[in-house]
Amino acid sequence: ILRRRLGAKLFVAFLSVILIGMVVLAIAIQFSAPTAFTRHMNSTGQGMGMGPGQGQGMMQNFYNNFRGGVNEALGLAALAALVVAVGVSLALSRRIVAPLLEMTVASRRIAEGKYDERVTTRSLDEIGQLGESFNQMAAQLEQVEAMRRQLIGDVSHELRTPLTAIKGSMEGLMDGILPADAETYQQIHAEADRLSRLVDDLQELSRVEAHSYPLDFRETDLSALVATTIKRLTPNARAKRISLTSNLPRDLPRLLADEDRLGQVLTNLAANGIQYTPEGGAVTISAEIKDYVLQVAVTDTGVGIPPEHLAHIFTRFYRVDKSRSRASGGGSGIGLTIARHLVEAHGGKIWAESEGEGKGSRFVFTLPT
Ligand code: ADP
């Protein structure tokens, strides 16, 4: 029992302390009693007018009686103390072990999937702190589980939309309602394309969220990276008659970054800028050093973002206007989430600014130099 029960261990520990105390007390009394007795009797004897050497035999008798009395009292006291000690030790060890037992039960429940399980913490000591941490862990698990459910719901919803469109078009074709011409096929192809882009995005998202991609940090030249990004997106910008330019200071410091990933962030932001800017607008990539931190900004003159949405657009699947982004062939609301993860993996921060609808937007991210 001793090896498997903390309560029994504590009980035995308490009891041993008490027993050892009692033994020491008994031994100490045996040693100190004769001297103490003699000293006290001598002073009493003098007070009674007896000279030294008088009544030696009487003293011996006295002492033996005294010793018997002390031992008897000591035995009784020890017995009483032992009974009380056993009771108190039992109660104390139970009390100490009780919260641990509670946590054991709760952790089993959580393992079975009952994530709302919590323990009551009564004390501020280490066991109380353990209970606190236990509850925090349970709360976190509950949150992760809720997020997982939400994610599955979101993903199925996102997949359903293009699938429904494809199925609808196919049925239209089969029933002869839709003409079997290039336009219909293009429409179906566009939806299938959307689907495959969505799956790619999801895969990328799961990779960045799990941090399961190796970041290849190297000295990176930001101006070169911006130039590549602009080159890559110029066809898209031209198609919408949008001017895509950069505005970088000459003395940009070199920075340590994963070139591909940083390029992905720039491309995501600039592509968004182009997508959410009407024809004839402008998208600019700029950079500046502020408080020893490099700030890169992608500014557009587009539709802007209403203030109440600014805080949410980095959340996955979040779109300001679902119908608008869908009609304009828009994405899944994952791009900014990926961008945020990548910037944070570089030790930076990313945020959006906008004066409001129709007033353009500005996406800024920082990179430590
Ligand atoms: P999406 O693939 O839908 O563009 P993102 O994660 O890139 O997904 O963006 C999320 C949402 O943020 C978009 O649906 C859009 O509503 C808003 N948004 C992103 N960039 C801009 C921008 N430059 N101007 C206005 N709104 C934007």
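Each ligand, and each atom within it, is numbered from 1 in the order the structure gives.
Remark: ligand 1 and Gly335 share an N or O pair separated by less than 3.5 Å (distance only, no angle test). For a threshold of 3.5 Å applied to N or O pairs, the pair formed by Asn272 and ligand 1 contains at least one separation below that value.
Summarising the contacts of atom 22 (C) of ligand 1 with Ser361, Ala339, Gly302, the nearest heavy atom is found in Ser361. Closest heavy-atom approach to atom 27 (C) of ligand 1 among the candidates Phe317, Tyr318, Phe314, Tyr276: Tyr276.
In plain terms, the two heavy atoms of Ile338 and Asp201 that are nearest each other are CD1-O, 3.8 Å. In terms of heavy atoms, Val320 sits closest to Pro306 at CG1-CD, 4.0 Å.
A donor-acceptor pair shorter than 3.5 Å cannot be found between the side chains of Ser169 and Glu191. At a cut-off of 3.5 Å, with distance as the only test, a side-chain donor of Gln30 or Asn71 sits close to an acceptor on the other residue.
If you look at Val320 next to ligand 1, the close heavy atoms, those under 4.0 Å, come from the backbone and the side chain alike. Residue-level proximity to ligand 1 for Leu269 is absent, since no heavy atom of it falls below 4.0 angstrom.
Close contacts between ligand 1 and Leu336 involve ligand atoms 5 (P), 6 (O), 7 (O), 9 (O), 10 (C), 12 (O), 19 (C) [criterion: under 4.0 Å to a heavy atom]. Near Gly304, meaning under 4.0 Å from any of its heavy atoms, are these atoms of ligand 1: 25 (C). Each of the following atoms of ligand 1 lies closer than 4.0 Å to a heavy atom of Gly273: 23 (N). Using a 4.0 Å cut-off to heavy atoms of Gly333, the atoms of ligand 1 that qualify are 1 (P), 2 (O), 3 (O), 5 (P), 6 (O), 8 (O). With ligand atoms numbered from 1 in the order given, ligand 1 contributes 10 (C), 12 (O) to contacts under 4.0 Å with heavy atoms of Ile313. Atoms of ligand 1 found under 4.0 Å from any heavy atom of Phe363 (numbered from 1 in listed order, with element): 19 (C), 20 (N), 21 (C), 22 (C), 23 (N). Interface of Ile334 with ligand 1, defined as ligand atoms under 4.0 Å from a residue heavy atom, comprises 6 (O), 8 (O).
With hydrogens and angles disregarded, a donor-acceptor distance shorter than 3.5 Å links the side chain of Ser354 to the backbone of Gly356. Counting only distance, with no hydrogens or angles, the side chain of Thr366 and the backbone of Lys349 share a donor-acceptor pair below 3.5 Å.
The shortest distance between side-chain heavy atoms of Phe363 and Ile305 falls below 4.5 Å.
Annotation: the span from Ile152 atom CD1 to Met147 atom CE amounts to 12.0 Å, rounded to 0.5 Å.
Hydrophobic clustering, defined by side-chain heavy atoms of Ile, Leu, Val, Met, Phe, Trp and Tyr closer than 4.5 Å, leaves Leu79 isolated from every other such residue.
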